[in-house]
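Not measured: the values here are computed from a predicted model. Basis for what follows: all heavy atoms, side chains included, without hydrogens, waters or symmetry-related copies.
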Amino acid sequence: MLSRDSILQANDLPREKVQTPEWGEGTYVFVATMNGTERDAFEQSMLEGRKAANPNLNNIRARLGVRVIVDDQGTRIFRDEDAEALGRKSAKVLDRVFEVAQRLNGIGEKDVKALEGN
């Protein structure tokens, strides 16, 4: 059985390099796994000011992107308020980042349906 210390010291937040040639030759970003507190905040942001049956999916790719795009040290490079600007970037690139973020963070269709109350 795992101990408290072994659980708290486990490196369980991997990040993955995602190629973004549309943003410059040979470029890439890292997409990170959110911790539990970060994931809860992201989900809460989808519900703020709304009923659970009507989550805010507006600009969802960029809103997730600003939370998971990090530098090579794992530090976020965007602030939450950068989502609008990031949302004006290539949908193709944002979709690529979004797909990796979904996989790393266990965000799937079932999670969206849960937020919708279905």
Side-chain angles (χ1 to χ4, degrees):
M1 182 167 155
L2 293 170
S3 69
R4 173 189 177 277
D5 288 341
S6 64
I7 293 169
L8 295 178
Q9 292 174 12
N11 182 8
D12 62 351
L13 300 172
R15 59 183 179 264
E16 187 173 313
K17 186 185 283 189
V18 176
Q19 297 298 322
T20 57
E22 297 87 346
W23 290 346
E25 186 64 34
T27 60
Y28 61 90
V29 296
F30 283 103
V31 174
T33 302
M34 293 182 282
N35 64 39
T37 302
E38 292 166 336
R39 168 82 183 261
D40 289 345
F42 173 69
E43 290 179 351
Q44 183 63 37
S45 76
M46 295 175 68
L47 299 175
E48 287 176 356
R50 296 177 175 257
K51 295 180 180 177
N54 189 23
N56 181 7
L57 301 179
N58 185 43
N59 204 23
I60 190 73
R61 284 165 177 71
R63 287 179 35 228
L64 181 57
V66 297
R67 292 172 183 260
V68 299
I69 296 173
V70 298
D71 63 19
D72 58 353
Q73 301 299 312
T75 303
R76 283 178 60 176
I77 54 178
F78 293 107
R79 298 179 312 263
D80 291 349
E81 51 271 14
D82 292 326
E84 186 177 326
L86 185 61
R88 290 190 295 267
K89 301 306 293 177
S90 166
K92 183 177 179 179
V93 180
L94 291 174
D95 200 46
R96 195 177 309 131
V97 168
F98 186 74
E99 287 177 8
V100 172
Q102 281 185 295
R103 182 172 38 78
L104 288 177
N105 290 285
I107 299 171
E109 187 175 328
K110 68 175 177 58
D111 299 297
V112 174
K113 286 184 180 187
L115 287 167
E116 291 173 347
N118 294 336

Which residues satisfy the ring pair (Phe, Tyr, Trp, His ring centres under 6.0 Å) test with Tyr28, sequence neighbours excluded?
Phe30
Can you get from Phe42 to Leu13 by hopping between Ile, Leu, Val, Met, Phe, Trp and Tyr side chains that sit under 4.5 Å apart?
no
Contacts of Asn59 meeting side chain to side chain donor-acceptor pair (under 3.5 Å) (sequence neighbours excluded), chain-then-number -> none
In one Ile/Leu/Val/Met/Phe/Trp/Tyr side-chain cluster, 4.5 Å: Val70, Leu104:
no
Looking at every non-hydrogen atom in both residues, tell me the closest pair between Leu47 and Pro55 and how far apart they are.
CD2-CB, 4.1 Å
Supply the members, apart from Met1, of the Ile/Leu/Val/Met/Phe/Trp/Tyr cluster built from side-chain contacts under 4.5 Å; use none for a lone residue.
none
So, for Gln102 and Gly108, which heavy atoms are closest and what is the spacing to 0.1 Å?
NE2-CA, 4.5 Å
Glu22 atom CD: more than 12 heavy-atom contacts under 6.0 Å:
yes
Tell me the salt bridge (Lys or Arg N to Asp or Glu O under 4.0 Å) pairs involving residues 1-18, sequence neighbours left out?
Glu16-Arg103
Looking at residues at least two apart in the chain, or sitting in another chain, which of them share a side chain to side chain donor-acceptor pair (under 3.5 Å) with Thr20?
Thr27
Can you check whether Met34 reaches Ile107 side chain to side chain, under 4.5 Å on heavy atoms?
yes
Asp95 with Lys92: basic N within carboxylate O range, under 4.0 Å
no
Arg61 (side chain) donor-acceptor with Ala91 (main chain) under 3.5 angstrom
no
Kindly compute the distance separating CZ (Phe98) from CZ (Arg63), expressed to the nearest 0.5 Å.
10.0 Å
Test log, rule side chain to side chain contact (heavy atoms under 4.5 Å, CB included), inputs Leu57 and Met46:
CA-CA 7 Å; Leu57 301 179; Met46 295 175 68; 3.1 Å; yes
Mind listing the closest non-hydrogen atom pair of Ala83 and Ala62 along with its distance?
O-CB, 3.3 Å
Is the backbone of Gln73 close enough, under 3.5 Å, to the side chain of Asp71 for a donor and an acceptor to pair up by distance?
yes
Polar side-chain atom of Arg96 near backbone of Gln19 as donor-acceptor pair, under 3.5 Å:
yes
Is Arg76 salt-bridged to Glu38, cutoff N-O under 4.0 Å?
no
Residues in side chain to side chain donor-acceptor pair (under 3.5 Å) with Thr37, at least two apart?
none
What distance do Arg39 atom CZ and Leu64 atom CG have between them, rounded to the nearest 0.5 Å?
9.0 Å
Heavy-atom closest contact (Arg67 atom, Asp80 atom, distance):
NH2-OD2, 3.6 Å
